[in-house]
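Counting convention: from 1, in listed order, for ligands and their atoms alike. Note that the structure is predicted; figures quoted are calculated from it, not measured. The chain is numbered in sequence order, starting from 1.
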Amino acid sequence: MLVSTIAARAQVKPVAEYIDQVQALATRADLKTANDFIDRNHDSILREWIAITEINAPSGQEQPRAKYIEGLLRKYHLDDIHYDSAGNLIAVRKGTGGGPVIVFDAHLDTVFQPGLQIKATVRDGKVYAPGIGDDTRNVEALLATIRALNEAKIKTKGDLVFVFTVEEETTFKGVKTYVDQNKGKIDQYIALDGGYEGFTYAGIGINWYRHHFIGPGGHTRSRTPPYSATLPLARAIERIYQLTVPTNPSSNLNIGMLGGSEVVNAKASDAWFTVDLRSTSNEVIADLEKQIKTILDEEAARAGMTVKTDVISTSPAASIPGHRESYLVRMAEAVHRVMGFDPPITNAGSNNSSAALLAGISSISTGAGPCDGSHSLAENCEIEPFYKGIKKVVLLGVALAGVEGVP
Ligand SMILES: [Zn+2]
């Protein structure tokens with residue numbers, strides 16, 4: 001059942017009503033059974049989480065990890081398990097009918113180099129391993145969620161679709177392919193990636209550039225001017241950092257890399273620097289880009305040089321008008337509150353959720369546990385809160401897909 005955004009908005013109730021509804025849901029015997037099952041299986045959940053983490057899965061090389069997960073899914077009596085053309089692993093737990101289709105996504109890939117031997121260690125209530133958090137904690141949360149739902153014999157009205165995606169860390173090929181091929185069949189899309197206490201309901205736009213000043217170059221002792229291309233570079237960077245970068249809408253600007261001549265005794269003929277520009281507003285990004293271009297052109301002209309700009313990557317801000325007050329966002333807030341969180345709800349997500357939003361699908365991103373040091377070898381997660389995070393995913397899935405006996 002696909003509800004149009006406008007119709008859905010008309011039916012949206014105040015958060016307080018969803019809190020009452022979720023509260024009633026959370027006290028049902030079957031939900032208690034699911035939670036007890038999670039609590040009885042802390043050790044096996046941790047072992048499985050570690051086992052999956054130790055299968056390194058660099059973007060584009062997710063198959064060994066996917067195969068392992070497929071092997072687990074095959075034991076769960078699901079209605080459909082298959083791979084799509086991008087290599088995403090998809091598992092469907094069919095509902096009884098009459099409910100929305102809810103997609104849960106966790107990405108399989110990690111940022112670590114092929115061949116890295118990963119060995120997790122547990123100490124002081126934390127588990128340490130590269131990739132343990134991003135995004136293996138959420139992969140494991142989905143597996144544990146399916147087992148808990150099965151153990152409690154919970155039959156949702158709507159289908160729950162579990163998508164283990166490829167290439168989130170690089171090209172978003174996995175989510176883009178999945179959304180493209182299933183657009184009209186998805187009611188709500190939950191990307192589990194990062195997060196614990198709160199969630200995001202919109203995606204931040206991220207544009208990366210490499211700007212070059214191109215000049216004649218020359219030996220240190222050659223006539224000056226012309227100067228080294230590092231001069232307009234320095235002037236431009238100084239001016240770019242004087243631009244006003246708004247905090248509302250949330251925006252950031254960073255110049256992180258630069259380079260010039262390869263040797264000390266030459267004027268740079270090509271001096272370059274990178275710009276990482278982010279905002280939840282595409283208008284802000286466009287405006288800052290225009291101002292940066294003016295600075296580059298002026299400083300190039302002043303030094304008698306030219307500008308060349310390479311686009312490293314661009315990804316637009318993803319938002320749906322009125323989404324903050326949508327059914328999904330209010331229900332997600334209710335679920336977080338019933339779980340005892342005071343959830344930060346932000347519009348600056350940067351993950352698979354953006355691809356769903358850009359396709360017009362109501363989507364949030366959240367996660368199943370607090371972790372630290374993502375994309376580093378020192379990555380770690382707290383263990384105890386993870387079990388609560390899994391319960392949150394169970395409750396979110398049941399609340400969204402609906403269950404018999406609840407209006
Ligand atoms: Zn991630």
Is it the case that D342 and H336 place a side-chain donor and acceptor less than 3.5 Å from each other?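 D342 vs H336: no donor-acceptor pair found between side chains.
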Counting backbone and side chain alike, does D135 bring an N/O/S atom below 2.8 Å of the Zn ion (ligand 1)?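 Of the N, O and S atoms in D135, none lies under 2.8 Å from the Zn ion (ligand 1), which means no.
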Would one find an N, O or S atom of E168, in either backbone or side chain, under 2.8 Å from the Zn ion (ligand 1)?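 Given the 2.8 Å cut-off, E168 does not count as a ligand of the Zn ion (ligand 1).
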Y196-F386 aromatic ring centre distance below 6.0 Å: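 Distance test on ring centres: not under 6.0 Å, no.
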Considering residues, nucleotides and ligands other than E262, do more than 12 of their heavy atoms fall under 6.0 Å from its CD?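 No, the 6.0 Å shell around CD holds no more than 12 heavy atoms from other groups.
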The Zn ion (ligand 1) - closest N/O/S atom in [X]:
X	answer
D193	OD1
D134	OD1
H107	NE2

Is the Lys NZ or Arg CZ of K388 less than 6.0 Å from the centre of F341's six-membered ring, within 45° of the axis?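 Here K388 passes the 6.0 Å and 45° test against F341.
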Which one of D84, N352, N88 satisfies the side chain to side chain donor-acceptor pair (under 3.5 Å) criterion with T165?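 Looking at D84, N352, N88, the match for T165 under the side chain to side chain donor-acceptor pair (under 3.5 Å) is N352.
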